Chemist: 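Structure in structure tokens, see below.
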Amino acid sequence: MTKRLACLALLLVTGCSAGSTAVGGSTTSPTTTSPATASPTTGPPPAAAGTGSVPATGPAASTGAGSKGGSQTAVPAEHNPPGDIPDNVAYVPYSNTAGRFTFRHPEGWAETTRTSQVTFTDKLNGVQVLPGTDTTPPTVAIARSRDVAALTGSQAAFELRSITAVTEPGGVGVHIVYRRNSAPDPVTGRQYRDEVERYELVANGREVVMELYGPVGADNVDAYRTMVQSLRLS
């Protein structure tokens, strides 16, 4: 009887420790992710880091709209899209020390900063800026052969609209216009068809990438020009 009780106790102890993994005689608990460091589940896809090395990321960074371009069907554009940036909006300066760039953005927009990358959003509109990797101005040919392929793989239902060479106060480079599905609304799950204006500009051997986005058909021309023309490498 004593021997049977000892065996039963051994089985109970072994069963209780089954959730741990032995490593070199010690045990380790399963890895967990802190909520403070978990990836966000909503938000715009990131601007790619530059024509020299475009990461194949998905919305966010982030989720939903950042899945592979071919994995979603383009959602219909709105007939009367919400999201026009008001003509009387005030603009305030922003400076990013790590990214070494400055620009002006609409006052009151929500800010998300990740070291050298910043995103400002308001309802369905947004602007994202980060350093690129090119040291010489990208050309239309480079953008078409490298950036378009990367964006096709990282933006949901990617659709190229145009690529043109540009010279802006912040540098020389290219202006890429494309469409994608937005990230799903965190409450309703609804997606909009975004139109994105992407600028890749190089000045003094450094590149900065700016993406401005809103629903297809929104009248944001003046607001976009204000932000683009205020962009400087510092």
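In this text the structure is predicted, and so the values were computed from the model without any measurement. For reference, positions follow the sequence shown, starting with 1.
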Chemist: Among all residues two or more places apart in sequence or in another chain, which pass the side-chain hydrogen bond (donor to acceptor under 3.5 Å, both in side chains) test with T164?
Modeler: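 Not a single residue meets the side-chain hydrogen bond (donor to acceptor under 3.5 Å, both in side chains) criterion with T164.
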
Chemist: Compare all side-chain heavy atoms of V202 with those of T135 and state whether any distance is below 4.5 angstrom.
Modeler: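 No, their side chains stay 4.5 Å or more apart.
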
Chemist: Using a 3.5 Å distance criterion without hydrogens, assess whether the side chain of S182 forms a donor-acceptor pair with backbone atoms of Y192.
Modeler: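 Answer holds: yes.
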
Chemist: Tell me whether V208 shares a hydrophobic cluster with Y91, the cluster being built from Ile, Leu, Val, Met, Phe, Trp, Tyr side chains joined at under 4.5 Å.
Modeler: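 Yes, one cluster joins them.
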
Chemist: Quick one: side chains of residues 218-228, donor-acceptor pairs under 3.5 Å with protein atoms, not counting sequence neighbours, listed by atom name and distance.
Modeler:
residue : atom : partner : partner atom : Å
N220    : OD1  : I85     : N            : 2.7
N220    : ND2  : N125    : OD1          : 3.0
Y224    : OH   : Y213    : O            : 3.3
Y224    : OH   : G214    : N            : 3.3
R225    : NH1  : E168    : OE2          : 3.3
R225    : NH1  : Y199    : OH           : 3.3
R225    : NH2  : E168    : OE1          : 3.0
R225    : NH2  : E168    : OE2          : 3.3
T226    : OG1  : D222    : O            : 3.1

Chemist: Could you tell me which non-hydrogen atom of P138 sits nearest to which non-hydrogen atom of V174, and how far apart they are?
Modeler: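 Distance-wise, the nearest heavy atoms are O-CG1, 3.5 Å.
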
Chemist: What heavy-atom pair brings G189 and P184 nearest, and what distance separates the two atoms?
Modeler: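 Reported closest heavy-atom pair: O-CB, 3.7 Å.
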
Chemist: Would D185 and R190 pass as an ion pair if we require N to O under 4.0 Å?
Modeler: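 Not counted as a salt bridge, because no side-chain N and carboxylate O are separated by less than 4.0 Å.
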
Chemist: State which residues pass side-chain hydrogen bond (donor to acceptor under 3.5 Å, both in side chains) with T113; sequence neighbours excluded, sorted by chain then number.
Modeler: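 T113 satisfies side-chain hydrogen bond (donor to acceptor under 3.5 Å, both in side chains) with E111 only.
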
Chemist: Rounded to the nearest 0.5 Å, how far apart are CG of L212 and CG of L231?
Modeler: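 If I round to the nearest 0.5 Å, the distance is 9.0 Å.
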
Chemist: With sequence neighbours excluded, tell me which residues meet side chain to side chain contact (heavy atoms under 4.5 Å, CB included) with V177.
Modeler: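 For V177, the residues satisfying side chain to side chain contact (heavy atoms under 4.5 Å, CB included) (neighbours in sequence not counted) are R161, S162, H175, E195, E197.
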
Chemist: Report yes if the side chains of Q128 and M210 come closer than 4.5 Å at any heavy-atom pair, otherwise no.
Modeler: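 Sidechains of M210 and Q128: no contact.
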
Chemist: With V148, which residues qualify under side chain to side chain contact (heavy atoms under 4.5 Å, CB included), at least two apart?
Modeler: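 If we apply the side chain to side chain contact (heavy atoms under 4.5 Å, CB included) test to V148, skipping adjacent residues, the hits are T152, F158, L160, I163.
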
Chemist: If you measure from CG on L233 to CD on E207, what distance do you get to the nearest 0.5 Å?
Modeler: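 Here the interatomic distance stands at 9.0 Å.
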
Chemist: Using the test side chain to side chain contact (heavy atoms under 4.5 Å, CB included), find all partners of T139 that sit at least two apart in sequence or belong to another chain.
Modeler: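 Side chain to side chain contact (heavy atoms under 4.5 Å, CB included) check on T139 returns A141, I142.
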
Chemist: Quick check: do L151 and R198 have side-chain heavy atoms less than 4.5 Å from each other?
Modeler: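 Of all side-chain heavy-atom pairs linking R198 with L151, at least one is under 4.5 Å.
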
Chemist: Just do the side-chain contact (heavy atoms from CB on, under 4.5 Å) check on V129 and F101 with the steps written out, would you?
Modeler: CA-CA 9 Å; V129 185; F101 60 80; 3.5 Å; yes

Chemist: Minimum heavy-atom separation for L201 and G171, please, with both atom names.
Modeler: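 Shortest heavy-atom contact: CD2-O, 3.7 Å.
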
Chemist: Using a 3.5 Å distance criterion without hydrogens, assess whether the side chain of R206 forms a donor-acceptor pair with backbone atoms of S234.
Modeler: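 Yes, R206 side chain to S234 backbone: donor-acceptor pair under 3.5 Å.
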
Chemist: Can you find a pair of side-chain heavy atoms, one from R179 and one from V196, that are under 4.5 Å apart?
Modeler: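 Side chain of R179 against side chain of V196, heavy atoms only: no contact under 4.5 Å found.
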
Chemist: Under 4.5 Å between any side-chain heavy atoms of Y178 and Q155, yes or no?
Modeler: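 Yes - at least one pair of side-chain heavy atoms lies under 4.5 Å apart.
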
Chemist: Which residues pass the side-chain hydrogen bond (donor to acceptor under 3.5 Å, both in side chains) test with R193, sequence neighbours left out?
Modeler: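 So R193 forms a side-chain hydrogen bond (donor to acceptor under 3.5 Å, both in side chains) with E159, N181.
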
Chemist: Is any side-chain heavy atom of V118 closer than 4.5 Å to one of F120?
Modeler: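 A side-chain contact under 4.5 Å exists here.
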
Chemist: Same cluster or not: I176 versus V172, using hydrophobic residues (I, L, V, M, F, W, Y) connected whenever any side-chain heavy atoms lie under 4.5 Å apart?
Modeler: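 No, no single cluster joins them.
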
Chemist: Heavy atoms only: give me the nearest A165-V140 pair and the separation to one decimal.
Modeler: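 Nearest heavy atoms, A165 then V140: N-CG2, 3.7 Å.
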
Chemist: With sequence neighbours excluded, tell me which residues meet side chain to side chain contact (heavy atoms under 4.5 Å, CB included) with S116.
Modeler: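 If we apply the side chain to side chain contact (heavy atoms under 4.5 Å, CB included) test to S116, skipping adjacent residues, the hits are N96, A98, P131.
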
Chemist: Could you check whether any side-chain heavy atom of Q72 comes within less than 4.5 Å of a side-chain heavy atom of Q191, counting everything from C-beta outward?
Modeler: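 Yes; the side chains approach each other to less than 4.5 Å.
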
